[in-house]
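Below is one structure, written out as structure tokens, with a few remarks after it.
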Amino acid sequence: DDTVTIGVSVPAATHGWTGGVNYFAQQAIDRLSETYPNVEFVFASSPDSPKQIADIEDMVSTRGIDALVILPGDPDAMTSAIKQVKDAGKFVTVVDRQLSIEGVENLYVAGDNPGLGANAAEYIKQALPDGGNIVILRGLPIPIDQQRFDAFMGSVEGSNITVLGDEFANWNRDDGFRVMQDFLTRYPEIDAVWTQDDDISLGAIEAIRQAGREDEMFVVGGAGMQQILQAVAAGDALTPVDVSYSPAMIATAIELTTSHFTGGIQVAGRYILDSTLITQDNVEGFLDAESPF
Amino acid sequence: MSVSAPDIAPKTKPGLKLDLKTVGPLVALALLVLLGISLNENFLSYNNLTNVLARSSFIGIIAIGATFVITAGGLDLSVGSMAAVIAGVMIMVMNWLIPTFGVSWSVVLAGMAAGILLGGVAGVGNGLMITRGRIEAFIVTLGTMGIFRSLVTFLANGGTLSLNFQVADVYRPVYYDGLLGIPYPILVFALVAIGGELIMRRTAFGRHCAAIGSNEQVARYSSINVDNVRLITYILQGVLVAVAVLLYVPRLGSASSTTGVLWELEAIAAVIIGGTTLKGGYGRVWGTVVGVIILGLIGNILNLQSFISPYLNGAFQGVIIILAVLLQRPRRAS
Amino acid sequence: MSVSAPDIAPKTKPGLKLDLKTVGPLVALALLVLLGISLNENFLSYNNLTNVLARSSFIGIIAIGATFVITAGGLDLSVGSMAAVIAGVMIMVMNWLIPTFGVSWSVVLAGMAAGILLGGVAGVGNGLMITRGRIEAFIVTLGTMGIFRSLVTFLANGGTLSLNFQVADVYRPVYYDGLLGIPYPILVFALVAIGGELIMRRTAFGRHCAAIGSNEQVARYSSINVDNVRLITYILQGVLVAVAVLLYVPRLGSASSTTGVLWELEAIAAVIIGGTTLKGGYGRVWGTVVGVIILGLIGNILNLQSFISPYLNGAFQGVIIILAVLLQRPRRAS
Amino acid sequence: MSDGTSAPMQPVLAAHRISKSFGEIPVLFSIDFDIRPGEVHAIIGENGAGKSTLIKILSGIEQPTSGTITYDGQTIVLPADGKAEAMGIVLIHQELNLAEHLTVADSIFLGRELKRGPFLDTSEMRRRASAVMETLHVRVDPNARISSLSVADKQMVEIAKAISRDARVLIMDEPTAVLSVGETQTLFEQIRRLTARGVAVVFISHKLDEIMELADRVTVLRDGQLIATVGTQSLTPDSIAQMMVGRELSNLYPPKHEPDVDAPVVLSVNKLDAPTVRNISFDLRRGEILGFAGLIGSGRTAVAEAIVGLAPRSAGEIRLNGKVVEFTRVAQSVEAGLAYMTKDRKGKGLLLNMGLRPNLTLLTLDKHLRAGFLDPASEERALERATRRFDIRARDPSVAVGRLSGGNQQKLMLGKTMESEPDIIIMDEPTRGIDVGTKQQIYHIIAALAAEGKSVIVISSELQEVIGLSHRVVVMRNGQIAGVLEGAEITEEEIMRYAAGIKQSGHDERISA
Ligand SMILES: Nc1ncnc2c1ncn2[C@@H]1O[C@H](COP(=O)(O)OP(=O)(O)OP(=O)(O)O)[C@@H](O)[C@H]1O
Ligand SMILES: Nc1ncnc2c1ncn2[C@@H]1O[C@H](COP(=O)(O)OP(=O)(O)OP(=O)(O)O)[C@@H](O)[C@H]1O
Ligand SMILES: [Mg+2]
Ligand SMILES: [Mg+2]
């Protein structure tokens with residue numbers, strides 16, 4: 001029996017970025033199932049850790065998977081369940097988020113969360129050489145957010161950048177709008193906004209436009225959403241740059257895992273996709289008319 | 001009070017009791033405003049107040065519908081997901097009409113009509129399953145909550161549905177402009193509130209809602225068509241969700257699977273903070289308006305200060321909600 | 001539908017009616033099992049069944065507590081966040097005790113004790129605000145839901161609290177091992193269910209819960225200490241949340257602000273699918289168990305097939321929930 | 001008023017060979033019944049005989065299993081859910097049927113609100129509500145919420161609601177059960193006014209003197225069968241009672257034992273102040289039946305509730321067997337052997353959605369524990385005993401008590417209270433809605449209890465009952481004790497004098513035996 005079953009487990013599309021993950025995962029699955037008729041994919045998208053554990057348990061016990069590609073919603077909670085899959089002799093690819101013990105996964109494909117924070121901070125420092133006031137719109141209180149935030153704060157420390165305040169905007173446009181409106185009320189002088197996520201940016205930008213203060217500040221987001229990238233390409237002063245953190249990394253992981261079985265290539269180790277600063281100069285490479293994200 | 005004994009036993013003064021129950025939410029609101037003023041001098045600024053009111057208007061309009069549903073002894077958990085689906089379909093309809101009609105107000109109006117229609121249909125669906133199907137409202141609307149949420153995720157293909165930029169520019173003023181300096185969302189909210197209060201207080205329909213929520217059998221024996229009245233509350237709720245969405249879409253021009261998450265909880269909370277009885281039988285629309293504003297101000301105030309760690313925002317919210325209701329709690333039932 | 005024409009109209013037979021109401025959830029369960037079998041030959045395998053039952057046990061144990069709360073006319077929206085806070089505190093306590101006691105069962109037991117204690121205290125808090133403070137249960141528990149959720153975020157500093165790995169290894173068997181081939185979580189769930197059913201059906205406390213939920217005044221006039229009984233339901237709920245967490249922590253070994261999100265909705269849905277009345281007065285624990293298993297199976301069955309787009313999982317879930325209750329809907333109330 | 005059977009007019013509403021079963025259980029067998037314009041047609045019968053069921057069928061609330069209904073000679077199917085009201089058939093339900101959250105005016109106009117344009121004409125409705133209440137001499141604010149009214153006032157609102165409808169047929173199911181004599185008389189005046197205008201009235205009551213006074217014809221039901229329909233002139237209260245019960249009813253009241261003046265005082269209330277009542281002092285002796293009379297709202301219930309710990313007490317002292325007691329919860333008073341039976345069976349007495357067994361044992365669940373768990377067999381035995389003792393008739397023993405006939409609910413509540421085997425029993429309107437046959441049984445039970453050495457307080461608005469049973473009578477007025485009557489003083493006139501405030505004992509005088 002030479003058919004191979006690959007399980008793909010991702011968190012539910014609870015915000016734009018995970019929406020992109022879902023999209024790119026399904027796209028990769030569709031493409032690869034066509035190319036490799038003997039590879040079968042089982043896809044699950046779960047709203048929380050217990051559900052995600054349940055999904056991978058079901059994949060092992062009822063669908064008989066040979067490999068698992070997983071983007072763990074909460075890596076700490078998922079570690080031991082993923083380890084069980086590995087112990088059952090399956091090939092395991094972990095995407096984006098580091099498990100809490102080493103050496104579980106065969107393959108690790110990841111973005112660089114601290115890098116995302118640090119790159120944004122570096123740009124802001126460079127764009128405001130004389131210092132300035134910034135506000136931060138954070139995501140959800142989960143570890144990724146914490147990593148990005150810590151890296152950002154570490155990088156601006158000691159510079160003459162003043163962080164006026166930070167609030168959670170839940171990686172959500174509506175909350176980005178709401179929090180930004182209030183920051184604009186509260187702080188008469190803001191030079192830059194770091195949102196670490198393009199969904200939040202879109203909300204924040206509307207709030208800034210509404211207040212008519214788009215000339216006073218700029219917004220640095222993250223993740224490389226097409227809408228923002230187009231603005232970057234167009235030289236919009238409000239969004240001069242973005243930091244890449246593409247949800248398409250899931251597709252890379254699925255492809256690599258599939259080729260492990262189909263191509264006879266042994267894939268293993270760590271693939272870190274850098275969080276690069278996207279400027280008007282290099283934005284061409286990131287634009288993709290097909291992408292929904 | 002019954003006939004009963006005069007001149008003796010100074011019983012718990014009914015005046016004071018009634019007052020507290022009535023002004024409870026207002027007192028809570030006043031305290032919050034004072035807190036806001038003390039935290040930030042811009043709190044009372046025109047900009048801040050219109051910001052808070054305008055963005056509260058979605059929940060507000062939805063919560064006014066919920067006031068009717070709850071007064072009539074029902075519940076609708078699906079409003080948040082319904083909003084998302086309506087927003088998604090509106091955007092799709094508008095995008096889809098552009099090739100035919102070009103970028104124009106007629107496209108926007110067609111989208112609006114589609115939204116209202118869909119809201120009405122969704123309300124009919126909920127209402128029929130609850131009244132004709134005799135299924136517990138909690139279950140029906142929990143079910144449709146899942147169904148609507150899935151639907152929008154499916155329509156958006158897991159991502160975000162975005163309104164065509166040019167149409168969005170046409171539509172934008174509906175959220176951002178206004179009349180005599182009052183943004184349209186606030187005006188619509190006010191109109192819906194006034195209309196709702198009138199309907200609740202001054203029409204047979206409002207009276208019938210209260211009667212049904214208070215005692216369904218009595219209502220039935222009084223030849224009130226219980227099923228129809230209840231059905232209408234759900235349709236009203238659906239249409240008001242659509243009205244809220246008409247104001248929501250021009251703000252950011254997008255809808256995704258995260259649109260409207262937890263709005264149902266917020267709407268119900270506003271209704272109850274406003275003094276409407278969760279088990280039905282008594283509802284007041286103006287109370288709901290106060291409840292909505294209280295909830296809006298809590299978020300605003302949290303963003304205007306730096307003492308409370310953002311991690312504890314939820315705790316602050318929880319405490320204020322409990323306190324707001326504590327102010328109007330009934331004395332020991334006798 | 002109402003009784004229509006005269007002439008020996010064969011009224012819906014009360015015998016059949018009772019039966020449907022009773023076996024409704026069981027029929028829904030049987031249909032789901034048939035669907036599962038038809039989809040995948042491994043569905044009935046020992047592994048799959050123990051997997052589904054074991055992971056349903058958290059919600060199951062919580063929902064049994066909710067059955068009492070709801071039967072007595074109450075509501076607890078805070079269970080999910082309470083679970084998160086208890087898990088967080090248990091983990092912190094255990095991690096903190098390691099330097100003193102080393103990696104050992106005594107650390108785990110101390111953690112468990114802390115968890116149960118915290119659950120009880122949280123229940124007392126909810127219960128006292130509701131009974132002594134006379135605040136609507138919906139509002140109190142909505143408030144504490146926010147408070148607990150914030151608390152765990154705060155304790156975890158916005159991230160995740162992870163149990164020390166060596167202790168986790170000691171603790172792990174509590175979820176993954178079992179007795180005579182039956183995993184411990186299933187055993188605990190079964191014990192709690194049997195105990196719950198006995199308490200509900202065969203003790204004065206269970207009877208009192210139903211009486212209070214049915215008519216609080218009658219209960220008071222029948223010398224039932226309404227406040228105490230109600231308080232106890234919330235404490236029981238808190239303790240059962242803690243018991244669920246005792247099984248949850250060895251499975252995930254961590255707690256964060258996303259732990260237990262929406263568990264309250266799932267627990268309440270299970271209770272109502274099981275036939276307990278949301279407005280109180282009638283509850284059945286075995287029904288809740290069936291409801292929990294139905295919800296667990298829905299998720300499992302969705303993983304057994306690839307026809308339904310994962311985006312539509314929620315819709316499938318919603319439809320099944322409505323159908324499960326449709327099977328036991330009351331005929332036209334007379 | 002028409003003159004009974006002699007002038008056969010075309011009936012407005014008639015039932016022909018009506019039968020009714022609930023599920024498998026038949027409750028009416030082939031009943032013929034008609035009602036003519038301008039007459040009062042009374043229906044009497046034992047509890048559970050099927051009176052309420054019959055009139056529910058006559059007003060479309062229930063549909064008959066077989067048989068036909070004619071209205072103005074036309075065979076019709078009455079519309080369900082009170083829509084028959086639009087046709088002129090108005091029903092006052094036996095059980096209070098008001099939504100507690102609404103106001104008096106809202107309730108009176110519920111379902112047929114007056115409007116001005118699209119909006120309610122609230123001021124007009126309030127005005128008209130006041131006017132109707134005025135004709136009934138009821139002093140309640142039309143803006144008062146129903147939940148704040150006393151049971152009697154609620155009943156008057158129901159009556160106001162019904163008579164303000166444009167009725168051609170007005171059907172009243174035990175409207176006087178919770179009314180005082182005065183209120184009953186007001187109601188009768190209104191009924192006579194309506195019949196004079198040609199309205200047909202169906203009237204159900206267990207109070208035979210009311211039947212004699214008001215009715216033109218009487219229909220007697222027994223066990224769902226039609227016994228007879230006869231003109232009232234040809235009847236005496238005794239013959240009606242006999243037709244109803246199917247046997248001779250000799251002494252309604254048992255012979256009174258001489259009160260033992262040396263018997264120890266078991267309950268002593270001294271200067272009690274509580275919500276709506278003030279300065280209440282009285283003694284109750286062992287083996288004594290102490291009547292509490294007074295107008296409705298005079299505070300008798302309030303006194304009872306303050307004693308057993310259902311209402312807060314602001315001053316005063318209560319001694320039980322000489323010991324001072326402070327009951328703050330009912331459980332304590334039950335424990336101490338003092339039980340109170342409420343008059344509000346629907347709101348405070350019974351769990352309507354539950355069966356007979358859980359209702360009976362709710363107060364005394366502790367007695368049915370075995371090894372900490374409830375013993376259903378023991379509960380079942382208790383139910384059998386109570387069913388026999390109080391003649392509770394439920395054709396279907398698994399039925400929810402809300403479906404029992406009103407009188408049988410009352411009997412179940414009596415059984416529930418007696419389950420606690422109290423030494424002192426306070427019974428609030430114990431025979432409300434009970435048929436004469438069962439009334440007699442209950443009176444004998446009360447007398448037997450007293451003879452056994454128990455003490456009973458009977459709060460009743462039926463003067464005859466208080467007089468027939470009590471050794472002594474406390475009369476209340478306006479929240480205070482107006483006087484205490486003994487022996488030959490216990491007469492209707494004397495009680496009324498105190499109750500109406502014409503006579504009063506000295507204020508600070510210690511009132512006791
Ligand atoms: N909906 C119902 N379902 C089942 N049984 C019912 C229902 N309604 C009435 N019954 C039964 O029908 C019988 C007749 O009841 P009904 O209420 O007509 O008696 P009644 O003559 O009015 O008695 P009362 O004087 O006590 O009011 C009783 O045995 C009662 O339990
Ligand atoms: N204003 C009040 N405040 C508190 N309790 C009240 C008030 N009015 C009535 N009650 C309580 O309501 C209950 C019933 O009232 P209702 O008027 O029927 O009885 P009552 O005044 O005691 O008259 P009756 O002599 O007819 O029993 C009693 O428990 C009484 O204490
Ligand atoms: Mg009756
Ligand atoms: Mg009274």
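A, B, ... follow the sequence lines: proteins, then strands. Residue 1 opens every chain.
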- Task: Mind listing the closest non-hydrogen atom pair of Leu252(C) and Ser49(A) along with its distance?
- Result: CD2-CB, 3.6 Å
- Can you check whether Phe154(C) reaches Pro141(A) side chain to side chain, under 4.5 Å on heavy atoms? no
- Item | Under 4.5 Å from a heavy atom of chain A, the part of Arg251(C) involved | both
- Task: Go through the atoms of Gln26(A) and report whether side chain, backbone, both or neither lie under 4.5 Å from a heavy atom of chain C.
- Result: side chain
- Residue selection (most heavy-atom pairs with chain C, distance under 4.5 Å) from Asp145(A), Ile101(A), Val42(A): Ile101(A)
- Does CH2 in Trp105(C) sit with more than 12 non-hydrogen atoms of other residues, nucleotides or ligands closer than 6.0 Å? yes
- Decide whether Asp74(A) and Ser256(C) meet the rule of one side-chain donor and one side-chain acceptor closer than 3.5 Å. yes
- Rounded to the nearest 0.5 Å, how far does CG of Leu44(C) lie from OG1 of Thr62(A)? 12.0 Å
- Item | Over 12 non-hydrogen atoms of neighbours within 6.0 angstrom of NZ in Lys83(A) | no
- Query: Counting distance only, does the side-chain N/O of Ser162(C) pair as donor-acceptor with the main-chain N or O of Asp76(A) below 3.5 Å?
  - Reply: no
- Most contacts with chain C, counted as non-hydrogen pairs under 4.5 angstrom, among Ser100(A), Ser45(A), Ala44(A): Ser100(A)
- Measure the spacing between OG of Ser80(A) and CZ of Phe165(C) and express it to the nearest 0.5 Å. 8.0 Å
- Roughly how far, to the nearest 0.5 Å, is OH of Tyr311(C) from CZ of Phe43(A)? 6.0 Å
- Presence of salt bridge, Glu41(C) and Arg63(A), under 4.0 angstrom: no
- Checking heavy atoms, do the side chain of Asp48(A), its backbone, both or neither come under 4.5 Å from chain C? side chain
- Query: In terms of heavy-atom proximity below 4.5 Å to chain A, should Thr160(C) be classed as side chain, backbone, both, or neither?
  - Reply: both
- Query: What is the distance from atom CG of Asn48(C) to atom CD of Glu57(A), rounded to the nearest 0.5 Å?
  - Reply: 9.5 Å
- Query: What part of Gln84(A) gets closer than 4.5 Å to chain C, counting heavy atoms only: side chain, backbone, both or neither?
  - Reply: side chain
- Item | Under 4.5 Å from any heavy atom of chain C - which part of Gln146(A) | side chain
- Item | Atom group of Asn40(C) that falls short of 4.5 Å from chain A, counting heavy atoms | side chain
- Task: Please report the C-alpha distance between Ile53(A) and Arg55(C) in whole Å, then the side-chain angles of each, then the deciding distance to 0.1 Å, and finally whether the side-chain contact (heavy atoms from CB on, under 4.5 Å) criterion is met.
- Result: CA-CA 9 Å; Ile53(A) 295 179; Arg55(C) 66 201 187 207; over 6 Å; no
- Task: Compare every heavy atom of Asn47(C) with every heavy atom of Ser61(A), then report the nearest pair and how far apart it is.
- Result: CB-CB, 4.1 Å
- Query: Taking every heavy-atom pair that is under 4.5 Å apart, which of Leu304(C), Leu302(C), Asn303(C) has the most such pairs with chain A?
  - Reply: Asn303(C)
